[in-house]
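Presented below is the structure to which this report refers.
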Amino acid sequence: MSLLVQKFGGTSVGTVERIKAVAEKVAAFRQQGHDIVVAVSAMSGETNRLIALSEGIATPREMDVLVSTGEQVTISLLSMALNTLGCPAVSYTGSQVRILTDSAHTKARIKRIDEGNIRADLAEGKVVVVAGFQGTDEAGNITTLGRGGSDTTAVALAAALKADECQIYTDVDGVYTTDPRVVASAQRLDRITFEEMLEMASLGSKVLQIRAVEFAGKYNVPLRVLHSFQDGPGTLICLEEKTTMEAPAISGIAFNRDEAKLTVLGVPDIPGVAYKILGPISEANIEVDVIVQNVADDKTTDLTFTVHRNDMKRAATILEATASELGAREVKTDDKIAKLSLVGVGMRSHAGIASQMFRALADVSINILLITTSEIKISVVVDEKFLELGVRALHTAFGLDAESAAESTGE
Ligand code: ASP
Ligand code: MG
């Protein structure tokens, strides 16, 4: 018998019929003897609808009072559906549990969870249904955790209760080697490490809220992504198990077409230049991703960085001003780029992954614009029109295609 935290997202509770189907699923787990805590999102579309209602009059504290109602609807309906099935259940809002957060309305962070009531209910054999995405600050104000925050609620509950597993039920059956809409032969991964999942998520695989993965990694909460209404093992996100697992070098290929590249050419090669260029960008709250500076050859250097595409115009205006101050030669911008990344903890111990990657791209005549690496990731920036071609080439080159995997295991 285990203690499980199960989270159901908006589409899984999108209609009353679906809520009843979720109730049956949860009741079946309870029947097997597990202790179950459920965290739920609002019915799909509901949070957006609530936000739209407040257009033009929104204030942070009242936004949280407003949007937290979405989840309150689903906890009550799910608990009623469970009770109707003869499975005793009780619902709690975030404030009722006392999911204590800071006071940063609409993007609060969880500080502590009082799990006493939940434990008492579990001991009485009840399923405990908790509203995702919300909490309360010290003063008793309702807070919310940012979009997609129900994932974080579930992980935080699992951490507080030391649950055996936090199961995230959603509309996909796991985490894939890459986006199946781009590569038809993409495969579901049986397992992936927290670190890899963070890279995949921050690079655009939107299965889980990034903060939830960070939280799970920090408290070592085994996290499993599963399909709400199809059976299957899903994908387990956990710590690396070096001893039992011969990790493949590459777990997945992430990509992102939301970035734009800015280059300043011919800046003097003196101390403080990178700071002078990037300082004003960060002061404007523009997030910078890749940064590359060239080796100086003629006492001047070139610096290139990428930002979110939506920020490019703003960044360019700031950069033009800095460039003329520094006496730089020219500023260039390009928003037709895409970033492709190989992700895998296995690359720590495998040499030659980078050259294998560059050869695969060369074989399909893709020109690489920028290259950056970290311990478990190699990213290249290429012309946007090569995105699909590049992802497919890499997926094949690193043996991630479904058929080649089947061949290699002799199935
Ligand atoms: N209902 C909230 C949202 O749509 C939280 C969640 O679903 O995770 O962002
Ligand atoms: Mg979600």
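All of these numbers come straight from a predicted model, not from anything done at the bench. Counting starts at 1 for both ligands and their atoms, in listed order.
Heavy-atom separations between Glu46 and ligand 1 are all 4.0 Å or longer. Within the 4.0 Å heavy-atom shell around ligand 1 one finds Gly149. Not a single heavy atom of Gly132 sits less than 4.0 Å from an atom of ligand 1.
Not a single N or O atom of Phe133, backbone or side chain, sits closer than 3.5 Å to an N or O atom of ligand 1. Between Asp151 and ligand 1, no N or O atom pair is found at a separation short of 3.5 Å.
With respect to Thr178, the side chain to side chain contact (heavy atoms under 4.5 Å, CB included) criterion is satisfied by exactly one of Val343, Leu400, Val391: Val391. For the pairing with Ser103, the side chain to side chain donor-acceptor pair (under 3.5 Å) check across Asp137, Thr143, Asn141 returns one residue only, Asp137.
A donor-acceptor contact under 3.5 angstrom links the side chains of Gln209 and Thr152, judged on distance only. With 3.5 Å as the limit, one finds a donor-acceptor pair spanning the side chains of Ser251 and Glu196. Residues Thr304 and Thr263 bring a donor and an acceptor atom of their side chains to less than 3.5 Å of each other.
The aromatic rings of His227 and Phe229 sit perpendicular, their planes meeting at an angle over 60°, well past the 30° parallel limit.
Close contacts of ligand 1 with Ser41, meaning ligand atoms under 4.0 Å from a residue heavy atom, involve 6 (C), 7 (O), 8 (O). Listed by number with element, the atoms of ligand 1 under 4.0 angstrom from any heavy atom of Arg147 are 3 (C), 4 (O), 9 (O).
Residue Gln209 does not touch ligand 1, judged by heavy-atom distances below 4.0 Å.
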